[in-house]
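Here the structure is laid out as structure tokens; the discussion comes afterwards.
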Amino acid sequence: MANYTELVSGVRKTFLSGKTKTLAWRRKQLDGILKILTEKKDDIVEALKKDLHKPKMETLVFEVSLATNEVINTMNNLEEWMKPEKVKKGLLNMMDTCYIRREPLGTVLILGAWNYPLQLTLLPLLGALAAGNCAILKPSEVAENTALLLEKLIPQYLDTECVKVVNGGVPETTALLKERFDHIFYTGNSMVAKIVMKAAAENLTPVTLELGGKSPVYIDRGCDLSVVGRRLMWGKVCNAGQTCVAPDYVLCPQDVQEPLIEKLKSALDEFYKGDPAESDDYGRIINKRHFERVKNLLGSGTVAFGGDLKPEELYISPTVIKDVKLDDPVMTNEIFGPLLPIVTVKNEDEAIDIINSREKPLALYVFSTNKNVVDKIVEQTSSGGFCVNDVMVHGGLETLPFGGVGHSGMGSYHGHHTFDTFSHKRACLLKDLKMDNVNQIRYPPYTEKKLSWITWIMQKKPKRSGILSFVPFLLLGTIFAVVFKVPHGVMRSP
Ligand code: NAD
């Protein structure tokens with residue numbers, strides 16, 4: 001049985017030396033990650049081809065470019081993000097220095113998933129290092145070629161005292177989780193998330209859980225279905241549907257179903273000019289276990305098109321299933337494969353009821369040209385992210401936090417949000433020892449007069465508009481003049 005006590009305590013000792021706190025050290029690590037992404041691009045493409053038959057373009061866009069942009073964005077903004085953040089002050093703290101200092105948490109554990117095995121490990125890693133932490137990285141054993149590549153490259157480019165890669169499966173992860181960390185960042189399914197959270201609770205370790213679930217798509221009447229068909233089919237064929245924010249199932253009025261299927265089929269023909277199995281631009285299911293799992297979901301509803309299987313290649317063709325019932329197997333768990341079930345509903349109200357009767361999804365998609373419908377859906381539902389008239393693209397904008405809610409996860413990352421996830425916001429208030437007479441009102445003996453003064457100073461006032469908003473400043477000026485006995489002449493303008 002693996003034992004990681006020595007490894008973790010070694011890294012913890014390095015963190016306590018303080019070396020990770022400097023801007024220079026953080027920049028050097030980011031530069032190392034950038035070098036991996038530029039100098040080893042071909043190796044990355046090759047590893048992902050072996051793991052998932054991932055098309056070169058998908059690897060370059062969704063893994064390499066996404067991570068590269070995150071590193072560059074972090075490099076560009078790091079100095080700014082590290083600066084103390086000034087906060088608004090009240091009357092009591094007028095003379096104090098008050099700010100939030102973002103500090104590293106310590107030694108963090110990052111557990112990656114297999115579907116985007118490079119970016120799902122490098123994005124949290126770069127944020128953790130930018131925030132000044134040490135990190136132990138456990139890539140998913142399911143995407144073994146990428147895991148081995150990361151194990152080889154990371155020590156070549158990053159500080160080996162502060163960043164360690166552990167490869168292995170359940171026994172290794174179980175052993176790692178016995179150690180004490182200052183944060184655990186987990187990406188994967190909600191069953192394992194419970195194991196992670198239980199282990200973290202033993203040490204009161206905070207967690208970020210990036211999970212999945214069934215992300216619904218509502219398609220309203222009146223949309224240009226050619227565009228809907230292309231965007232939706234794209235979301236389903238990318239990585240053969242093995243994306244956490246992939247559109248999982250469609251809800252649409254009965255009369256939209258058939259025309260939509262026609263457009264989904266045209267989109268597929270446009271994309272692959274024939275058989276997706278013959279195309280380099282279509283991936284495969286990660287392994288036999290997941291192939292069998294997705295295959296078994298084909299029994300629901302009626303296959304409108306697709307449903308072709310090549311077990312020896314782990315190939316499942318993009319498949320649309322119509323007239324699906326809410327209790328069909330394909331509607332029970334996240335599909336995480338290239339099947340798209342359609343459930344017909346009367347209108348958006350029924351769609352909202354269905355969405356709200358299930359766990360909160362990681363993403364919710366609406367295709368509509370009617371602002372009232374969009375507003376109603378966003379107001380009356382909850383999901384990690386919300387995207388209108390497209391799918392998945394909200395995950396590419398680093399200013400938006402990426403994460404779930406309820407069973408689709410807790411916490412978020414991307415861009416500045418990653419830096420914040422791996423930072424402790426330390427509240428700092430710095431006072432001067434002078435002018436203690438101002439503080440007399442809070443010291444015993446307590447009197448009614450002190451109480452009324454302190455209540456008046458502390459109490460939040462309701463927002464006023466117009467001329468009334470200047471009253472507190474006038475009062476403050478008067479108090480200031482009395483307390484410091486400002487000579488009459490000084491208050492006068494020259
Ligand atoms: P996985 O099998 O690669 O597991 C993820 C991690 O958990 C791995 O590092 C693995 O070693 C570890 N693990 C697995 N079983 C364990 C156990 N019993 N004890 C301790 N650790 C264990 O990935 P997966 O769970 O199949 O990933 C797919 C899921 O992840 C889907 O639900 C998907 O939606 C979700 N996902 C979410 C995001 C996101 O950003 N929100 C991204 C990708 C995937």
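Quick note: residue numbers are just sequence positions, from 1. We count ligands from 1, going down the list as the structure has it; atoms in each ligand are counted the same way.
- One distance of note links CZ of Arg102 with NZ of Lys425; it measures 5.0 Å at 0.5 Å rounding.
- Side-chain contact check for Leu176 versus Phe181: some heavy-atom pair is nearer than 4.5 Å.
- Remark: minimum distance from atom 7 (O) of ligand 1 to any protein heavy atom is reached at Tyr186 CE1, 3.3 Å.
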Decide side-chain hydrogen bond (donor to acceptor under 3.5 Å, both in side chains) for Thr5 and Asn3; before the verdict, give the C-alpha distance in whole Å, the side-chain angles of both, and the deciding distance to 0.1 Å. CA-CA 6 Å; Thr5 308; Asn3 184 328; 2.7 Å; yes
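- Each of the following atoms of ligand 1 lies closer than 4.0 Å to a heavy atom of Ser140: 1 (P), 3 (O), 9 (O).
- Near Leu362, the atoms of ligand 1 lying under 4.0 angstrom from a non-hydrogen atom of the residue are 41 (N).
- Any N or O atom pair closer than 3.5 Å counts here, and Gly213 shares no such pair with ligand 1.
- Looking at Leu137, Leu111, Leu177, Thr187 and measuring to atom 5 (C) of ligand 1, the nearest heavy atom belongs to Thr187.
- Atom numbering of ligand 1 starts at 1 in the shown order; those under 4.0 Å from a heavy atom of Gly112 are 5 (C), 6 (C), 8 (C), 9 (O).
- One option in Val192, Ile286, Thr208 has a heavy atom closer to atom 14 (C) of ligand 1 than any other, and that option is Val192.
- With ligand atoms numbered from 1 in the order given, ligand 1 contributes 43 (C), 44 (C) to contacts under 4.0 Å with heavy atoms of Asn115.
- When each atom of ligand 1 is checked for a heavy atom of Val142 under 4.0 Å away, the hits are 2 (O).
- By the 4.0 Å heavy-atom criterion, Tyr116 is excluded from the residues contacting ligand 1.
- Shown in contact with Leu120 at under 4.0 Å from a heavy atom are these atoms of ligand 1, numbered in order with element: 42 (C), 43 (C).
- At the shortest separation from atom 17 (C) of ligand 1 among protein heavy atoms lies Val170 CG1, 3.8 Å.
- For atom 25 (O) of ligand 1, the closest non-hydrogen atom of the protein is Asn189 ND2, 2.6 Å.
- The aromatic ring centroids of Phe271 and Tyr282 lie 6.0 Å or more from each other.
- Nearest residue to atom 29 (C) of ligand 1 from Gly403, Gly188, Ala193, Gly212 is Gly188 (criterion: closest heavy atom).
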Let me see the working for Glu334 and Asn189 under side-chain hydrogen bond (donor to acceptor under 3.5 Å, both in side chains), right down to the final yes or no. CA-CA 10 Å; Glu334 181 181 0; Asn189 67 72; over 6 Å; no
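- Between Lys214, Glu334, Met191, Arg289, it is Glu334 that holds the heavy atom closest to atom 31 (C) of ligand 1.
- Relative ring orientation between Tyr365 and His394 is described as perpendicular, the plane-to-plane angle rising above 60° on a 0-90° scale split at 30° and 60°.
- By the 4.5 Å heavy-atom criterion applied to side chains, Glu58 and Asn239 are counted as neighbours.
- Judged by a 6.0 Å distance limit and a 45° cone about the ring axis, Lys310 is not positioned over the six-membered ring of Phe291.
- Here is the list of ligand 1 atoms found below 4.0 Å of a heavy atom in Phe336: 28 (C), 31 (C), 33 (C), 34 (O).
- Closest to atom 21 (N) of ligand 1, if we only count protein heavy atoms, is Thr173 CG2, 3.2 Å.
- Residues Phe422 and His183 bring their aromatic ring centres within 6.0 Å.
- Using a 30° and 60° split on the angle between ring planes, Phe402 and His414 fall in the parallel class, below 30°.
- At a threshold of 4.5 Å between non-hydrogen side-chain atoms, the residues Leu37 and Glu63 do not count as touching.
- In this structure, Phe367 and Val391 have side chains that are in contact, with non-hydrogen atoms separated by less than 4.5 Å.
- For ligand 1, the atoms lying closer than 4.0 Å to a non-hydrogen atom of Ile195 are 18 (N).
- Among all protein heavy atoms, the one lying closest to atom 40 (O) of ligand 1 is Phe402 CE2, 3.3 Å.
- Among protein heavy atoms, the minimum distance from atom 1 (P) of ligand 1 is reached at Trp114 CD1, 3.4 Å.
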Could you check Tyr116 against Thr243 for side-chain hydrogen bond (donor to acceptor under 3.5 Å, both in side chains), going step by step and ending with a plain yes or no? CA-CA 8 Å; Tyr116 289 83; Thr243 306; 2.7 Å; yes
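- The nearest protein atom to atom 36 (N) of ligand 1, hydrogens excluded, is given as Cys244 CB, 3.5 Å; this is a heavy-atom distance.
- Counting only heavy atoms of the protein, atom 11 (O) of ligand 1 lies nearest to Glu141 OE1, 2.7 Å.
- With a 4.5 Å cut-off on side-chain heavy atoms, Arg26 and Met82 count as touching.
- Residue contact check for ligand 1: Gly409 places no non-hydrogen atom closer than 4.0 Å to it.
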